[in-house]
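Just below is one structure, and these are the notes that go with it.
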Amino acid sequence: MPENSSLENLLTETRSFPPSPEFAAQANAQAGMYDEARADRLAFWAKQANELLTWKTPFTQTLDWSDAPVARWFADGTLNAAYNAVDRHVEAGRGDRVAIHFEGEPGDTRTVTYADLQREVSRAANAIAALGVESGDRVVIYLPMLVESVVAMLACARLGAPHSVVFGGFSADALRSRIADAEAKLVITADGGYRRGAPSALKPAVDEALEPRDGEAPTTVEHVLVVKRTGQDTAWTEGRDIWWDDALESADVRHEPVWVEAEHPLYILHTSGTTGKPKGILHTTGGYLTQAAFTHKNVFDLKAETDVYWCTADIGWVTGHSYVVYGPLINGATQLIYEGTPDTPHRGRWWELVEKYKVSILYTAPTAIRTCMKWGEDIPAKFDLSSLRVLGSVGEPINPEAWMWYRRVIGGDKAPIVDTWWQTETGAIMISPLPGVTATKPGSAQVPLPGIVADVVDDEAHSVPNGGGGYLVLSEPWPSMLRGIWGDLERYKDTYWSRFPGIYFAGDGAKKDDDGDIWLLGRVDDVMNVSGHRLSTTEIESALVSHEIVAEAAVVGAADETTGQAVVAFVILRGEHADRAATEDGSTEVQTALRNHVAKEIGPIAKPRRILVVPELPKTRSGKIMRRLLRDVAENRTVGDATTLADSSVMDLISAGLAGPAASSED
Ligand code: WTA
């Protein structure tokens with residue numbers, strides 16, 4: 001059973017919020033969908049694929065699972081993602097509908113209609129093709145939240161060139177390894193973006209990531225397209241670097257989409273796993289788009305003509321892929337994209353935007369909600385939030401207190417909350433209430449969507465009874481499932497399909513309540529969840545030990561009121577550095593050096609909140625670090641059962657050492 005005692009009390013939750021009759025009467029989702037999908041799951045998905053997408057060549061086969069665990073959905077159909085997201089809306093006479101209201105952090109705005117988007121995506125596709133990118137070539141996108149980011153992704157999709165978006169907060173080193181893993185031909189970036197009121201450079205990280213390094217193969221990247229956002233001074237490599245505007249200016253506004261097979265790769269997105277090396281999750285076209293569109297329409301109850309939808313995720317994460325780019329645009333939605341942070345220039349910025357654009361559907365993360373709770377409800381109270389009619393949550397379990405606050409303060413006690421469970425690997429939402437159908441419960445994602453088969457099982461893969469806990473698994477293939485890990489089929493099989501043969505193991509612990517509703521309890525592997533971002537303990541440990549003063553490191557995620565979990569590192573230092581760290585100055589120095597080092601290796605989001613210098617690490621006789629005991633220390637709990645340690649006095653040594661000089665820092 002996963003250990004997560006702080007979440008145990010969730011199952012005592014008895015509040016339930018049935019949909020209002022008014023909402024239910026107008027809802028896209030209908031209760032009958034569950035039965036329909038249960039009666040014939042494949043027919044259900046085939047119907048969605050036909051209704052929600054426009055196919056160049058219709059498919060005749062829904063699922064081919066003969067090569068399991070690599071699925072083929074709608075495999076003999078052909079289509080194009082960008083055509084579905086843009087052109088067909090224009091062809092249907094909806095070119096004047098706003099696709100994107102863009103709001104920059106400094107307050108600059110831009111309105112982009114579907115017709116505008118068609119011109120810009122076509123131009124970009126022509127410009128990218130002129131740089132030699134062809135169907136199947138990989139393009140890395142390293143950009144802030146801009147209209148150009150969406151355009152760049154769609155332009156790649158239009159060419160059949162899989163994109164690999166790298167979150168703009170990742171470091172040059174992280175970018176370098178992702179470029180190398182994808183063997184990208186082109187990088188699309190910007191001079192910089194606005195962050196907390198100031199321009200923040202981005203291009204220097206690309207320059208550094210592309211520099212030749214001894215012992216490494218030369219880069220496959222031929223060109224760098226640079227969006228001008230901040231106008232800051234930018235180093236330039238003649239022949240390689242090209243301004244986005246220059247390239248687009250001379251490009252034709254017409255472009256014939258490249259029709260691809262349904263299983264053609266749409267994108268790679270790297271995510272943290274249980275080993276040091278991030279996994280390039282591969283998604284393909286037809287099945288992915290079907291489920292992204294289906295979930296976006298039904299889970300958020302989207303009415304494309306009247307809603308203004310806002311998902312606050314960055315395009316660097318899967319939520320940005322499925323619920324900023326593909327889901328909403330396939331459905332012809334009008335959405336808001338905001339470049340900056342919620343506290344710039346003031347802590348009411350998000351709510352000001354909701355009021356200004358009359359946002360009706362908001363999709364965000366529990367960490368953001370908890371931060372707003374901390375800032376106080378008088379801030380959102382200053383704005384008119386009455387336009388909001390559906391609220392979504394994603395990224396980590398939402399605690400009932402935050403759920404209730406979200407419902408009352410942001411949703412005016414009327415907007416249904418959909419707590420959506422899914423992963424980079426699942427591509428789209430898997431478990432969630434359906435607004436207008438499900439009576440919601442604070443803190444539970446509740447039920448698998450129609451067409452999805454999920455369960456909670458014990459160690460032997462037996463379904464647990466209601467009231468029991470275990471591991472979340474997905475027992476049947478689904479359209480938007482990952483098709484593998486880029487370049488590593490074995491790792492794909494090992495990671496997801498070996499724990500319980502034949503069924504997909506998600507890595508999450510879960511419980512079923514007395515009604516059979518599912519409650520997610522957090523990861524049961526070495527993956528942490530900090531502010532809804534996935535971080536690998538092993539990856540941060542590798543970063544720490546790559547610093548010359550570190551001999552050994554162990555990282556755990558400790559419960560944190562706002563960010564869900566916080567990174568806490570235990571390090572053993574080499575020789576004299578340990579003595580130095582025992583002094584007050586030395587301790588601060590070591591903390592700063594190591595935290596900066598992790599930021600350089602991975603990115604600022606991975607910086608440990610606390611670094612504890614210890615003389616030993618608790619290990620089993622087989623040498624495995626017992627993170628459970630370290631988590632006890634990090635969460636200031638009495639240390640649990642330490643009898644399986646090779647040397648049981650280690651925990652005493654660690655606890656004694658921690659009474660020394662202040663060993664934490666924050667930013
Ligand atoms: C966690 C983000 C509880 C979970 C879309 C999962 C959640 C991981 C929820 C995937 C939720 C996501 N309730 N936990 N509603 N949503 N998670 O790949 O641990 O960044 O395995 O995808 O986030 O994170 P990822």
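Counting starts at 1 for both ligands and their atoms, in listed order.
The closest side-chain heavy-atom distance from I431 to L472 is below 4.5 Å. Looking only at side-chain heavy atoms (C-beta outward), Y406 and M373 stay at 4.5 Å or farther from each other. A heavy-atom distance below 4.5 Å is not found between the side chains of R370 and E401. The side-chain heavy atoms of H462 and V457, taken from C-beta on, include no pair separated by under 4.5 Å. The side-chain heavy atoms of I281 and Y492, taken from C-beta on, include no pair separated by under 4.5 Å. The side-chain heavy atoms of Q48 and K297, taken from C-beta on, include no pair separated by under 4.5 Å.
Of all the heavy atoms of N529, the ones lying under 4.0 Å from any atom of ligand 1 belong exclusively to the side chain. Within the 4.0 Å heavy-atom criterion, the part of E396 lying near ligand 1 is the backbone and not the side chain.
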Original post:
Does the salt bridge (charged side-chain N to carboxylate O under 4.0 Å, His left out) test come out yes or no for K441 and D419, once each step is laid out?
Top reply: CA-CA 9 Å; K441 294 179 183 175; D419 174 10; over 6 Å; no

Subject >> Steps toward ring pair (Phe, Tyr, Trp, His ring centres under 6.0 Å) verdict (F44, Y34) >> reply: CA-CA 10 Å; F44 175 81; Y34 292 106; 9.3 Å; no

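Among P397, G532, G564, the residue whose heavy atom sits closest to atom 3 (C) of ligand 1 is P397.
At least one heavy atom of W422 sits less than 4.0 Å from an atom of ligand 1. Ligand 1 does not have G507 within reach: every non-hydrogen atom of the residue lies 4.0 Å or more from it.
In terms of N/O distances under 3.5 Å, ligand 1 is not approached by T319. For a threshold of 3.5 Å applied to N or O pairs, the pair formed by V318 and ligand 1 contains no separation below that value. The N/O atoms of T271, backbone and side chain alike, include none that comes under 3.5 Å of an N/O atom in ligand 1. When only interatomic distances are considered, the shortest N/O to N/O separation between S393 and ligand 1 does not fall below 3.5 Å. Below 3.5 Å of separation, one finds no N or O of E425 facing any N or O of ligand 1.
Residue T420 approaches ligand 1 through these ligand atoms, each under 4.0 Å from one of its heavy atoms: 9 (C), 11 (C), 15 (N), 16 (N).
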